[in-house]
Amino acid sequence: TPDNEVRFRGCLDDVAAYKPGRPPARSDGRPTYKLSSNENPYPPLPGVLAAATEAAAQMNRYPDMGAVDLLEALSARFGVPVSDLAVGTGSVALLYHLLQAAVSEGDEVIYAWRSFEAYPIAVQLTGATSVQVPLTVDARHDFKAMEAAITERTKVVLVCTPNNPTGPVVRADELLAFLDVVPRDVLVVLDEAYREFVREPGIVDGVEVYRERPNVVVLRTFSKAYGLAGFRVGYAIGHPEVVAAIRKCALPFGVSHVAQAAAIASLAVEEQLLERVEALVDERTRVVEELRAAGWDVPDSQTNFVWLELGEDTVAFAEAVQAEGVSIRPFAGHGARISIGEREANNLFLAVARDWRK
Ligand code: PMP
C-alpha cells in the first residue's frame with residue numbers, strides 16, 4: 001500500500017453531509033442567480049459595509065469572545081437581559097451547541113418532517129435519535145402527532161416556524177396548546193430564522209413565550225432579513241441556564257470582529273433593512289399568486305421562499321430552472337424550494353414554472 005494512504009477511520013461515515021447550493025455556471029455571458037439558499041438578494045447598506053470594513057482592520061487580533069457590544073445591542077433591541085442571550089456563527093451553530101449540551105446516545109429529538117435539513121445531521125452528530133413527525137397535507141406542523149411522539153427519552157423538540165422548506169408559520173393557539181402538554185424537562189427550540197418575513201396575524205413571538213416558559217429557547221439569525229449570511233451571526237434567547245450551556249459548547253472566538261460589527265451596525269439601521277424585507281414580502285405575494293394562477297398548489301409562505309411539491313419530477317424541474325441560469329434547492333422525490341430573490345431571477349423561475357404546467 002502506498003505510504004500516503006489515508007488510515008483515518010471515521011465513526012461518522014453514515015452522517016449525511018450538508019450540501020451547499022452554488023450558482024450555476026454559464027458560458028454565454030448571461031447573468032446567473034442563486035435562489036437555493038434563502039439569502040437576501042440586496043447588497044449591504046453603506047453603513048453596515050463601512051462598519052465591517054473598519055472592523056476588518058483588527059484582523060490581527062482575536063474578536064471579543066464575550067461579544068459584549070453585540071449582546072448589549074441585542075439586549076436593548078429585545079428588552080431581554082444579556083444573561084438570556086448567546087451569539088454564534090449562525091443560528092445553525094447555536095442549534096448544534098444546544099443539542100450537544102442537551103442530548104446524547106439514547107435520547108430522542110422530535111421535529112416535524114420535512115423541515116430544515118440540518119436537523120437530522122445535528123441530531124445524529126450527538127448520537128441521539130431523530131423522531132421525525134410528518135407534516136400535515138397542507139405542509140404544517142402536526143402537533144397532535146408530535147405530542148403522541150413524546151416518550152421518557154424525549155429531551156428536545158425542534159419547532160421550525162415558519163417551516164423551512166415548506167413555508168407555513170405555526171399559529172399561536174396551536175403552539176401554546178402544545179407547550180402546555182410538553183413535559184417541563186423537555187426543551188422546545190423555536191427556530192425563528194424567517195421570523196421577520198411573517199405577516200400572518202395571530203402568531204406568537206418566541207421572545208414573549210420564553211419569558212413565561214423556561215424550557216423554550218428561541219433561535220434567530222442575521223442571515224436572512226438582515227442580509228449577513230456570509231458573516232455567520234445568529235443568536236439564541238432563552239433561560240440563563242440554557243444559554244450558559246450553549247455558551248459552554250461554543251468554539252472560542254467563533255463570531256469574528258467583522259461579523260460582530262456588521263450585526264451591531266445592522267441593528268442601528270434596522271428600519272431600512274426591514275423596508276427591504278417588506279419589498280421581499282411583496283415579491284413573495286406576487287410569486288405565490290402567479291404560481292397559483294398557473295395551476296400550482298403552493299402552501300402558504302411566511303418566509304422568503306416558496307415550496308413546490310413535485311414528487312418524481314423534482315430533479316427534472318430543478319434542471320429546467322437551472323438551464324435558465326437559476327439554481328434552486330431540489331429535495332429529490334419530494335419537492336423544490338425556491339428563494340425569493342431579484343425580480344429578474346424570480347421571473348426566470350416563474351417562466352419555467354408556467355411552462356411546466358402547460
Ligand atoms: N434555521 C433555519 C430554519 C434555516 O433555514 C436556516 C438557514 N437555512 C438556519 C436556521 C441557519 O441559518 P444561519 O446559520 O445562517 O443563521
Side-chain angles (χ1 to χ4, degrees), residues 17-22 34-41 67 70 74 85-100 109 111-123 125 132 135 139-141 156-170 188-198 206 217-238 246 249-251 254-256 258-260 262-263 266-267 273 277 280 284 299 301-307 327-331 335-341:
Y18 187 86
K19 290 201 191 67
R22 290 196 75 181
K34 186 170 166 219
L35 299 185
S36 55
S37 298
N38 303 339
E39 293 153 340
N40 191 316
L70 176 53
L74 285 167
L85 282 161
V87 291
T89 52
S91 58
V92 74
L94 294 161
L95 173 74
Y96 274 54
H97 303 331
L98 181 65
L99 289 174
Q100 200 180 356
V109 179
Y111 52 91
W113 197 249
R114 184 176 292 275
S115 192
F116 182 28
E117 61 219 288
Y119 295 166
I121 302 170
V123 172
L125 287 172
Q132 299 183 336
L135 295 168
R140 310 186 72 94
H141 280 69
V156 175
V157 181
L158 307 175
V159 178
C160 187
T161 178
N163 191 49
N164 173 10
T166 58
V169 68
V170 169
V188 179
V189 179
L190 300 181
D191 183 344
E192 298 187 335
Y194 302 96
R195 166 76 211 177
E196 297 84 359
F197 297 92
V198 173
V217 193
V218 181
L219 300 183
R220 292 201 183 165
T221 181
F222 283 92
S223 297
K224 312 292 178 183
Y226 298 78
L228 296 184
F231 280 167
R232 316 302 302 122
V233 203
Y235 51 100
I237 307 180
I246 292 176
C249 297
L251 289 176
V255 185
S256 72
V258 181
Q260 293 185 33
S266 297
L267 289 172
L273 290 169
V277 168
L280 290 168
R284 167 182 88 201
S301 172
Q302 294 294 315
T303 61
N304 64 342
F305 54 81
V306 292
W307 169 251
S327 63
I328 62 171
R329 179 65 60 93
F331 297 93
R337 188 193 68 200
I338 304 97
S339 312
I340 302 299

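Owing to the predicted nature of the structure, the values given are computational and were not obtained by experimental measurement. The residues of the chain are indexed from 1 along the displayed sequence. Just so you know, ligand 1 is whichever comes first in the structure, and atom 1 is the first atom listed for that ligand.
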> S223 heavy atoms, cut-off 4.0 Å: which ligand 1 atoms fall inside?
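Near S223, meaning under 4.0 Å from one of its heavy atoms, ligand 1 has 13 (P), 15 (O), 16 (O).
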> V156 versus L99: any side-chain heavy-atom pair under 4.5 Å?
yes
> Mind checking whether W307 and F331 have parallel, tilted or perpendicular rings, split at 30° and 60°?
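Geometry flag for F331 against W307: tilted rings.
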> Which of the numbered atoms in ligand 1 are below 4.0 angstrom from a heavy atom of N164?
3 (C), 4 (C), 5 (O)
> T221 to ligand 1: N or O pair under 3.5 Å?
yes
> Provide the number and element of each atom of ligand 1 under 4.0 Å from a heavy atom of C160.
3 (C)
> Would you mind reporting whether P165 and N38 have side-chain heavy atoms less than 4.5 Å apart?
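Contact flag for N38/P165 side chains = no.
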> Closer than 4.0 angstrom: is that true for some heavy atom of K224 and an atom of ligand 1?
yes
> Do the rings of Y194 and F197 sit parallel, tilted or perpendicular, given the 30° and 60° boundaries?
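Tilted, since the angle between the ring planes falls between 30° and 60°.
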> Taking only heavy atoms of G90, which atoms of ligand 1 are found under 4.0 Å from at least one of them?
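Result: 13 (P), 14 (O), 16 (O).
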> Using the salt bridge (Lys or Arg N to Asp or Glu O under 4.0 Å) criterion, which residues pair with R337? Sequence neighbours excluded.
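With neighbours one apart ignored, the set is E117.
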> Would you say the side chain of V189 lies within less than 4.5 Å of the side chain of L219, judging by non-hydrogen atoms?
yes
> If hydrogens are left out, which of S91, S115, A118 has an atom nearest to atom 13 (P) of ligand 1, that is, the closest non-hydrogen atom?
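Considering heavy atoms of S91, S115, A118, the nearest to atom 13 (P) of ligand 1 sits in S91.
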> Non-hydrogen atoms of D191 versus ligand 1: any pair closer than 4.0 Å?
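It does; at least one heavy atom falls under 4.0 Å.
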> Between ligand 1 and V92, is the shortest N or O to N or O distance under 3.5 Å?
yes
> Of all the atoms in ligand 1, which lie at a distance below 4.0 Å from a heavy atom belonging to R232?
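Answer, ordered by atom number: 13 (P), 14 (O), 15 (O).
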> Just to be sure I read this right, does ligand 1 sit under 4.0 Å from the backbone of F222, its side chain, both, or neither, counting only heavy atoms?
neither
